[in-house]
Every structure is written in structure tokens, then in C-alpha cells.
Amino acid sequence: MGTGPVELVLDQIAVDASITKAPGGGEVAGRSPVDRGKQGLKRSGMTDGYGIPLGRVLAGVNHRDSSLLAPTLDVLDDLGPLPHNITVHLDAGYDSNKTRAELTTRHLHGRIAHGREGADPAGERWHIECTHAWQNAFHRLARCHERRATVINAFFDLADTITTVRSLIRRAWTTHRWDNRPSRRS
């Protein structure tokens, strides 16, 4: 028998940014300060405690991760009622007083990973890293040739939908058991 519904884990969320090359430029592309000024875009993504994508903010690659935290957390407003104690897992790029103040004003608890922490004792940041990897597996997103932000967001929405369905099926397969369940070999 099942152990209950498969739900979002909203008391633990992770936020991180990832860089995508954008050779054609576009509305949200910017010049990279570390890649000889080539065009790129940065996506600041947010996932629940299981790695389900909750939303993203697109910006030029020349934006700092911490400057995209506030617009990324604004996505939480669209999710409806939230748990009272939410922990936001961040990497060392967000370690600043501005980040702490932003989390405090939103009544969120932040856990920031420092240095090279192999087992990630600061929390569950690996969920967002996996989600970025899953998004990059869609080759159209790993190297973005689209110029309009609405088109880029549409491709990310499609990738997030596929990722979410795969993740929920995988989780339901391991959490919901019944006596005459078919095996995977059939």
C-alpha cells in the first residue's frame, strides 16, 4: 500500500544559479566577465526538497548570484500557502549580509554551504545541482540560440515539466507498493 500522496517538499528549498552559453545574444544575455566577453545567460533556479523545479529567473551572465536571489524567491508567492519554517539552502556565492537580510525579511531560514564540503553538511543543495544537470541534458537549453525571453522560458517550462513527471514517477515507484504490482521486467 502507498504511504500517502506524493507531494512537494516545500519546507526545504534550494536556490542556485547556472550559466548557459548564448552565442546569439538576446534579451536576457550578457557579456561574460570570465569567458572573454562572450554572450551567455544565467538562470537562477529554485527547487523543492526533492528536486522538483519551482521556477527560475533569467538574467545576463554578468549578474551576481546573490543579486538574483530576491526575484527568485518572489516565485514562492505564486505557490500558495507555504509551511511556516522554510529552510533555503544556498552555496557560498550567496554568503553576504544582503542575502541574510533578504531571507530575514521574508521569514526564511538560510543555510549557506562554505568551502569544499563533499557531503554537503550545510543541507540539501545537491537537489538544485541535479536539476540544473537534468535541464542541461536538453541540449537546446545547454547552448541557447533563442533571443526572446518568453521563448527561452517556454523551453525551460517544457524541460521542467518532463523532469517533474520523471521525478514523481520515480518517487511513486519506490514509495507506493501493492501486492500484485507488476515488475519492471514485463
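Note that this is a predicted model, so its numbers are computed, not measured.
Two residues are said to be in side-chain contact when any heavy atoms from C-beta on lie closer than 4.5 Å; H109 and L103 fail this criterion. At a threshold of 4.5 Å between non-hydrogen side-chain atoms, the residues T20 and R43 count as touching. Proximity of L69 to L90: side-chain heavy atoms (C-beta onward) are separated by under 4.5 Å at one or more points. Between I152 and R147, the closest side-chain pair of non-hydrogen atoms is not below 4.5 Å. Between F138 and T163, the closest side-chain pair of non-hydrogen atoms falls below 4.5 Å. Here the side chains of T99 and D95 are not in contact, with every heavy-atom distance at 4.5 Å or above. Side chains of R166 and I169 form no contact here, defined as non-hydrogen atoms less than 4.5 Å apart.
Looking at T131, its side chain does come within 3.5 Å of a backbone N or O of G51 through a donor-acceptor pair.
Using a 4.0 Å cut-off between charged nitrogen and carboxylate oxygen, K98 and E102 do not count as a salt-bridge pair. Salt-bridge check for D91 with R111: failed, with every basic side-chain N at 4.0 Å or more from each acidic carboxylate O.
Listed by first then second residue, pairs satisfying side chain to side chain donor-acceptor pair (under 3.5 Å) with a partner in residues 58-71 read K42-D65, not counting sequence neighbours.
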Under 3.5 Å donor-acceptor pairs involving side-chain atoms of residues 10-19, not counting sequence neighbours:
| residue | atom | partner | partner atom | Å |
| --- | --- | --- | --- | --- |
| Q12 | OE1 | H89 | NE2 | 2.5 |
| D16 | OD2 | R125 | NH1 | 3.4 |

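The two residues S44 and T72 come nearest to each other via the heavy atoms OG-OG1, 2.7 Å. Nearest heavy atom pair, residue V75 against residue M46, reads CB-CE, 3.6 Å.
Qualifying side-chain hydrogen bond (donor to acceptor under 3.5 Å, both in side chains) partners for S167, counting only residues two or more places apart in sequence or in other chains: none.
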